[in-house]
Structure formats: structure tokens, C-alpha cells
There are 4 protein chains.
Amino acid sequence: MDAGLPRRSDQIFDAALTLLAEGGYQRLTVEGIAERSGVHKTTLYRWWPSKDALLGRALVESRLLDVEMPDTGTLRGDLEHLVGSAVRLLTAPATAPVIAAVLAGAGEHPALAGHARAFFADRLGRERAVVDRAVARGELPPDVDAMLLFDLLGGAVWVRVLLRRLPPDPDTPARVVRAVLHGLSA
Amino acid sequence: MDAGLPRRSDQIFDAALTLLAEGGYQRLTVEGIAERSGVHKTTLYRWWPSKDALLGRALVESRLLDVEMPDTGTLRGDLEHLVGSAVRLLTAPATAPVIAAVLAGAGEHPALAGHARAFFADRLGRERAVVDRAVARGELPPDVDAMLLFDLLGGAVWVRVLLRRLPPDPDTPARVVRAVLHGLSA
Amino acid sequence: MDAGLPRRSDQIFDAALTLLAEGGYQRLTVEGIAERSGVHKTTLYRWWPSKDALLGRALVESRLLDVEMPDTGTLRGDLEHLVGSAVRLLTAPATAPVIAAVLAGAGEHPALAGHARAFFADRLGRERAVVDRAVARGELPPDVDAMLLFDLLGGAVWVRVLLRRLPPDPDTPARVVRAVLHGLSA
Amino acid sequence: MDAGLPRRSDQIFDAALTLLAEGGYQRLTVEGIAERSGVHKTTLYRWWPSKDALLGRALVESRLLDVEMPDTGTLRGDLEHLVGSAVRLLTAPATAPVIAAVLAGAGEHPALAGHARAFFADRLGRERAVVDRAVARGELPPDVDAMLLFDLLGGAVWVRVLLRRLPPDPDTPARVVRAVLHGLSA
DNA sequence: TCGTAAGCGAGACGGTACGTCCCGTCTTGAA
DNA sequence: TTCAAGACGGGACGTACCGTCTCGCTTACGA
């Protein structure tokens with residue numbers, strides 16, 4: 001896809017994500033990555049200008065945060081699937097610490113924030129297919145604001161899991177989807 | 001609330017928040033706070049175990065993140081007001097970096113995360129009054145899930161402002177509130 | 001005499017000079033000094049801006065290169081004594097490597113060169129006493145150029161020992177002194 | 001003299017000596033020579049085991065340090081000429097840093113030291129002609145110690161120029177030669 | 001009122017990580 | 001097959017903060 005990567009880029013990315021998940025962004029150090037991946041620190045700086053650049057690339061290269069787009073035949077089914085995926089991403093031991101760390105770091109590190117933004121943009125692009133099918137089926141009006149739809153869904157999951165730290169609840173996807181589709185007013 | 005604070009705690013808190021706003025969490029250093037507040041580094045460590053603890057306390061002490069609860073007479077009005085406040089909090093130069101920094105730190109420092117959680121819980125408690133009035137006016141069903149309501153609103157704002165970094169848009173509050181009240185389905 | 005020195009300056013200076021004698025200027029590293037002296041590298045940089053500054057100070061502080069000024073009663077005796085001292089300084093296992101390293105380094109490091117210069121100036125000042133006594137005894141004309149005298153003596157020793165690497169010869173002092181006092185012409 | 005030299009050895013030697021004169025031994029780097037001479041670093045290491053070996057060879061190849069042997073008809077004239085040459089060699093912008101660098105390197109690198117020693121030996125060999133003529137003219141006794149003669153002259157110049165860093169003085173050659181020929185005693 | 005203890009300024013220190021420079025070796029691909 | 005290009009492991013550099021520590025001064029309170 002794009003040009004050069006160091007020979008042992010796999011070990012490097014693995015090391016970066018593992019350390020990130022283990023100790024958070026704070027304890028993710030270039031020297032740690034070097035040691036863990038068996039590569040010299042100098043080599044890391046040869047390829048990436050900073051820890052963040054390396055991490056961003058590692059996130060893209062690993063398919064860790066990829067979400068499969070559902071096609072259940074109904075909008076409700078697709079959305080519940082997506083919400084479930086989001087909850088899983090935010091809670092599974094393999095992914096939760098990575099996401100938490102990236103988004104924690106994004107606050108301070110513009111580079112990380114950029115990566116996060118690109119991630120969301122890409123995801124939204126793929127989510128639009130779900131919306132398009134729903135519009136074709138007449139489940140959503142043709143002028144529906146797809147971004148708002150996913151922001152409501154994703155934002156709620158986000159707040160509940162990461163900020164409120166609510167315990168997992170199997171009903172959450174259904175309730176959130178229902179609220180977004182039909183509203184909460186009397 | 002709890003006991004001791006050093007003599008010049010005001011200067012210290014000011015210094016901390018100012019530096020935070022100026023340079024982000026990254027450039028908020030204990031030595032910087034010490035220098036800026038005319039207090040010795042040792043003194044800071046005497047009173048707070050870490051930078052984050054100091055910062056957490058500074059946030060509580062300053063009323064920077066306080067939000068006034070609206071009472072416009074209609075649910076829609078109250079909610080739009082709250083969404084507007086949230087957007088402002090997340091974008092105003094004085095508060096945005098502070099929030100970003102807190103959430104950055106929260107990922108790594110349980111103490112800060114606790115502060116953040118408490119902040120959300122407290123806010124929700126005060127927001128319930130808005131919901132109660134709406135229920136009394138028949139604008140919301142009595143069994144409405146108030147937390148979900150505010151999570152949808154807040155989460156969408158959150159995602160759009162912090163993760164997607166959308167440019168400010170005066171229509172956002174109205175559109176988000178309408179979507180949450182009436183749903184997006186056809 | 002002059003102000004601050006770190007607590008363990010003795011160990012530091014010892015470490016510096018030992019490493020210098022052992023491995024030459026090349027292998028004299030700040031990290032090596034730190035390790036050897038049980039002091040942290042940061043501490044060294046707190047007190048001296050560079051390796052050279054530290055080394056210069058170490059040379060002054062240790063009295064390694066001090067030479068006792070003779071007073072044998074005759075000029076010839078005094079000078080032979082001084083030449084012998086110089087030869088010894090340039091050949092003794094404890095001092096030769098240090099001098100070699102300093103003067104090797106002086107070529108590239110102005111700071112070291114400055115220290116060397118100061119050393120020679122100081123030495124010359126003390127050597128003048130020998131000349132003054134000789135003048136008083138009538139062994140030297142009152143307008144004798146003391147610096148030239150010692151430069152001839154010292155320079156010859158220098159060239160023979162360090163540049164020509166001649167093997168030690170017990171007659172050298174006498175021959176050099178005689179040549180300088182009476183000349184070589186027919 | 002000895003076998004192989006890389007194709008662009010001229011550029012390489014030029015680059016080495018230029019960089020040496022420009023920035024001193026310190027800033028003479030293999031990578032710098034490679035870049036400057038348009039040759040790859042690997043090539044340099046193929047032909048010379050070290051920076052110093054390369055430098056030594058470059059010095060021999062360039063005739064930079066050659067000194068023409070005078071024949072003025074008098075010993076005093078010849079010697080003053082030689083002393084003047086030495087002073088010039090040690091102070092001229094083109095040669096001074098080279099000499100300083102060689103002697104810096106000589107302390108640590110036997111190869112360079114060998115070059116230096118050979119240089120002095122060769123020089124002395126050619127200087128003997130001056131002495132022989134003077135003996136023939138009766139200006140020096142037949143058993144004069146030629147090496148000592150030149151060591152006194154050269155050493156004094158050495159000390160004054162390199163160690164004491166005395167400012168240039170047109171009288172120096174005459175005074176030094178007179179002292180060496182006739183002595184300093186009353 | 002006076003001593004004793006807490007608060008504080010001052011700053012040396014060990015320590016971790018940073019990002020950089022250059023060294024000398026090793027690998028690879030094209031001529 | 002040779003040799004350019006250059007990636008790599010490695011060592012040291014000098015810097016920024018961290019959090020700990022010891023030392024005295026001063027301020028205030030309680031006996």
C-alpha cells in the first residue's frame with residue numbers, strides 16, 4: 001500500500017499494542033517497544049518520528065479495531081449488531097485497553113487524535129451501506145442524517161461504557177436502538 | 001470539604017489550570033506549576049501525591065465545569081440549552097483543554113477517573129429535575145429512561161466534537177434534541 | 001577555594017582520571033564516570049557542562065601533576081631535577097596516560113587545551129623562583145628569558161618522550177641541561 | 001607505494017582533510033567524508049579499517065606537511081629557516097588543525113602514532129644534512145648531538161605554539177636559535 | 001512568652017525516557 | 001561477482017521531568 005516498513009514491523013507493532021494494552025499510554029515507551037520487539041531504539045526513530053506516529057500506524061496495520069458490517073435484513077437488526085460490536089470493542093480485554101489508551105492519549109496528542117478521527121471517518125463510510133439499505137427498504141427517510149444516527153448510537157455506548165463505567169447489560173443495544181429509531185418523547 | 005490545603009492553594013490551582021489550558025496535559029509539569037505559583041516543588045508533593053491528584057482537586061475547587069440547569073418551560077428548550085452548554089464546554093478555549101486533559105488522565109489515573117465519574121453522576125442528578133418537570137407536563141412518559149436520554153444527547157455531542165472534530169454548527173442542538181425526542185426512523 | 005562541588009566529587013574525579021588513564025580520552029565517557037563513581041549521569045551534567053569541564057576540574061583537584069620545585073643550591077642541579085621530574089611525569093604509569101590523554105584531547109577540545117595552558121602558566125610561575133635564585137647567584141644574566149629556558153628544556157623532553165618515543169635514558173637530563181645552558185655550537 | 005586505493009581516492013582524501021581543517025578532529029566523521037566525497041560509507045570501510053587509518057593515509061598522500069630543507073650557507077640561517085617553517089606549519093590555517101588532529105589521534109591510535117613517528121624520523125634524516133654542512137664549516141663540533149639540537153629547537157616551538165599558545169612573534173626563530181647555539185647561562 | 005512542631009523554600013540527587021549522532025556491520029539488489 | 005545503497009545493532013550524548021531526600025528558616029500555637 002504505502003512504502004517502507006522496517007523488516008520486523010510485525011514484532012514492532014505487536015510490541016507497541018501489547019505494551020499499550022498492558023500499561024496505558026503513559027507506560028508505552030519507545031525504549032520498551034524497542035526492547036520488546038528486539039529492535040534497536042534507533043531503528044524505531046529511523047522509521048517513525050514519534051511514538052504516536054508509530055502507534056497510529058500500528059493501529060491501522062493490526063486489524064484489531066476492524067468491525068464487520070452486518071446485513072441482517074432489518075435496520076434494527078443491523079444497528080443492534082453494530083451497537084453490540086461497539087460495546088464488545090470497548091469492553092473486550094484485548095481491545096478495551098487499546099481504545100481507552102488511544103482516546104486518552106488523543107486528548108493530549110494531536111497525532112493520535114488524527115488517527116482516531118480517521119478511524120471514525122472510515123468506519124462511518126462503511127456504516128453508510130447499512131443506512132442505504134434501510135432507506136431502500138423504506139425503514140429510514142431518504143434524507144436521514146446517517147452521521148447523526150451513528151453518533152447517537154456510538155456516543156451513548158461511549159458515555160455509558162467509558163465515562164459512566166456502567167456494568168455490561170445485554171439489553172443495552174436493543175434499548176439504545178429503539179430510542180434512536182423512535183425517540184423518547186411521550 | 002476535606003482538610004488541609006497549602007497556603008497558596010489559589011495560586012497553585014490557577015497555575016495548574018492556566019498551564020493546562022496553555023499547553024495541554026503534556027506540558028503541564030509539576031515543576032512548571034511550582035515555578036508559576038511561586039511555590040516550591042516539594043510543597044506540591046507534600047500535599048498531593050501526583051500531578052493528577054493536584055489537577056483533580058484544582059478542577060473541583062474551580063467551578064470551571066459547572067453547568068447551570070435551565071428551566072425554559074419546555075423540554076425541548078431545556079434540552080437544547082443543555083446541549084448548547086455541553087458544546088460550549090467542549091469547545092471554549094478555557095474549558096476544552098481542561099476536559100481533554102482530564103479525560104486523558106482518567107485513562108491512566110483511577111483517581112482522576114473517579115472524579116470524572118462523580119462529575120457525571122452529579123450532573124445527571126441535577127439533570128433529572130429537567131426530566132421530572134417534563135414528565136409532569138406530559139412531555140415524556142413517566143417511565144422514561146433519563147440516563148439514556150442524557151447519554152444519547154451527551155454522547156452525540158461528545159463524539160461529534162471530540163472524536164470527529166466537526167466544526168461548530170448552531171443547528172446541532174436542535175437537530176440532536178429532535179432526533180432524541182422523536183427518533184430517526186421513517 | 002571556589003564554590004560548589006557535588007557531594008561525591010572525590011569519587012567522581014577518581015573515576016574520571018582512572019578511566020582516562022585506562023582507556024584514553026576516547027573511552028572516557030560521562031556514563032562511565034557515572035557508573036564508576038556511583039553517581040548518576042544527571043548529577044554530572046548538573047555540575048559540569050561537559051566531559052571536558054569535569055576532566056579539567058578533576059586534573060586541578062587531584063594533585064597528580066604537581067611538581068615540587070627543587071632548591072639544590074645550583075642552577076644545574078635545579079634544572080636537572082626539573083627535567084627529571086618532567087621525564088618521570090611523562091613516563092610513570094600513573095601519570096603518563098593522563099598527560100597523553102589530556103594533550104591528545106587538547107588538540108580537539110579547546111576546553112582541555114585551556115586547562116593545559118593554565119597548567120603550564122602556573123608551572124612557569126613557580127619555576128621562576130629557580131631562575132631568580134640563579135640570577136642572584138650570578139649563574140644566569142639578569143635579563144635571561146625564563147620562559148624560553150623552560151620551553152627549551154620542557155620542549156626537548158616532550159619531543160623525545162612523546163613524539164620520538166625514545167627509550168628512557170638516565171643521561172638525558174644532564175645532556176639537555178648542559179645544552180641549554182652552554183649551547184651546542186663549536 | 002602500497003597497493004590498492006579506491007577509484008575516487010583523491011576526492012576522499014580531499015574531503016577528509018577539508019573536513020578536518022574545517023571542524024577539527026571532532027567533526028571529522030566517516031559519514032561526513034562519505035557524503036562529501038560522493039562515496040558510500042561502506043566503501044571507506046572496505047579500504048581503511050578506521051577513520052584514523054584513512055586520515056593517516058590522506059596525510060601521507062597529500063604533501064601538506066613537507067618541509068623544504070634550506071641551504072643558506074650558515075648554520076644560523078638554516079636553523080632559523082627551519083624554525084620559521086615549523087612555526088608556520090603549526091599555525092597556518094591549512095596545516096595547524098591537521099597537525100593538532102594527528103597528534104590527537106596519535107594518543108589513541110598506534111597507527112597514527114606510527115605515522116607521526118615516521119614523519120619525525122624522516123624529517124630528522126633530512127635535517128642531518130644541515131648539521132653535516134655546519135660541521136664541515138666548523139660551526140658545530142663533529143660529535144654534536146643532531147637529534148638533541150633539533151629536539152631543542154622543535155620542542156621549544158612546539159611548547160610555545162601549541163601548549164602556551166603564544167601569539168606569533170617574528171623574533172622567535174632568531175632567539176630560539178641563538179639560545180640553542182650559545183646557551184643561556186651567564 | 002517561648003519552645004516545639006508544622007509548613008515551607010531551597011536544591012541535590014537517583015532515576016526513566018527522550019530524541020540525536022555517529023560508529024562499524026550486515027544485507028540486498030543491480031550492473 | 002562486485003559494490004552501490006542503506007538498514008541495522010549499538011553506544012553515548014545531552015535534556016526534561018519525575019519523585020525523594022535532607023537541610024534550615026519562619027511562623028504560629030499551646031503550655
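Atom set for the values below is all heavy atoms of this structure, side chains included, hydrogens, waters and symmetry mates excluded. Chain identifiers are assigned alphabetically (A, B, ...) following the order of the sequence lines, protein sequences preceding nucleic acid strands; residue numbering begins at 1 within each chain.
- Residues passing the side-chain hydrogen bond (donor to acceptor under 3.5 Å, both in side chains) test with A:Gln11, sequence neighbours excluded: none.
- Judged by closest nucleotide on DNA chain F, A:Val39 is the one of B:Arg27 and A:Val39 placed further toward the 5' end.
- Residue pairs meeting the salt bridge (charged side-chain N to carboxylate O under 4.0 Å, His left out) criterion with at least one member in residues 89-102 of chain D: none, sequence neighbours excluded.
- What separates CG of D:Leu44 from C1' of F:dA4 is a distance of 12 Å, to the nearest Å.
- With sequence neighbours excluded, the residues forming a side-chain hydrogen bond (donor to acceptor under 3.5 Å, both in side chains) with A:Thr42 are A:His40, listed by chain and number.
- Within the nucleic acid shown, D:Gly38 has no heavy atom closer than 4.0 Å to any nucleic acid atom.
- Qualifying salt bridge (charged side-chain N to carboxylate O under 4.0 Å, His left out) partners for D:Lys51, counting only residues two or more places apart in sequence or in other chains: none.
- Applying the salt bridge (charged side-chain N to carboxylate O under 4.0 Å, His left out) test to residues at least two apart or on different chains, the pairs with a partner in residues 10-27 of chain D are D:Glu22-D:Arg36.
- Contact check for B:Ser62 versus B:Leu17: side-chain heavy atoms found under the 4.5 Å cut-off.
- Regarding contacts with the backbone of F:dC3, every side-chain N or O of D:Thr43 stays at 4.0 angstrom or more from both OP1 and OP2.
- Rounded to whole Å, atom P of F:dA16 lies 13 Å from atom CD of B:Glu35.
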Check: How does protein contact run along nucleotides 19-25 of chain F, one letter per nucleotide 5' to 3', with B for base contact, S for sugar-phosphate only, - for none, heavy atoms under 4.0 Å?
Finding: BBB----

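- Partners of D:Glu35 by side-chain hydrogen bond (donor to acceptor under 3.5 Å, both in side chains), not counting sequence neighbours: none found.
- In 5' to 3' order, the nucleotides of DNA chain E bounding all contacts with chain D (an atom under 4.0 Å from a heavy atom) are E:dC22 to E:dC26.
- Here the P atom of nucleotide F:dC17 and the CZ atom of B:Arg36 are 14 Å apart, to the nearest Å.
- Note on C:Arg8: only backbone sugar-phosphate atoms sit closer than 4.0 angstrom, heavy atoms only; bases stay farther off.
- Residues C:Val39 and C:Pro6 fail the side-chain proximity criterion, which asks for heavy atoms closer than 4.5 Å.
- Within the 4.0 angstrom heavy-atom criterion, no nucleotide atom of any strand lies near B:Trp48.
- By the side-chain hydrogen bond (donor to acceptor under 3.5 Å, both in side chains) test, C:Arg8 pairs with no residue at all, sequence neighbours left out.
- In this structure, the CG atom of B:Leu28 is 13 Å from the C1' atom of F:dC18, given to the nearest Å.
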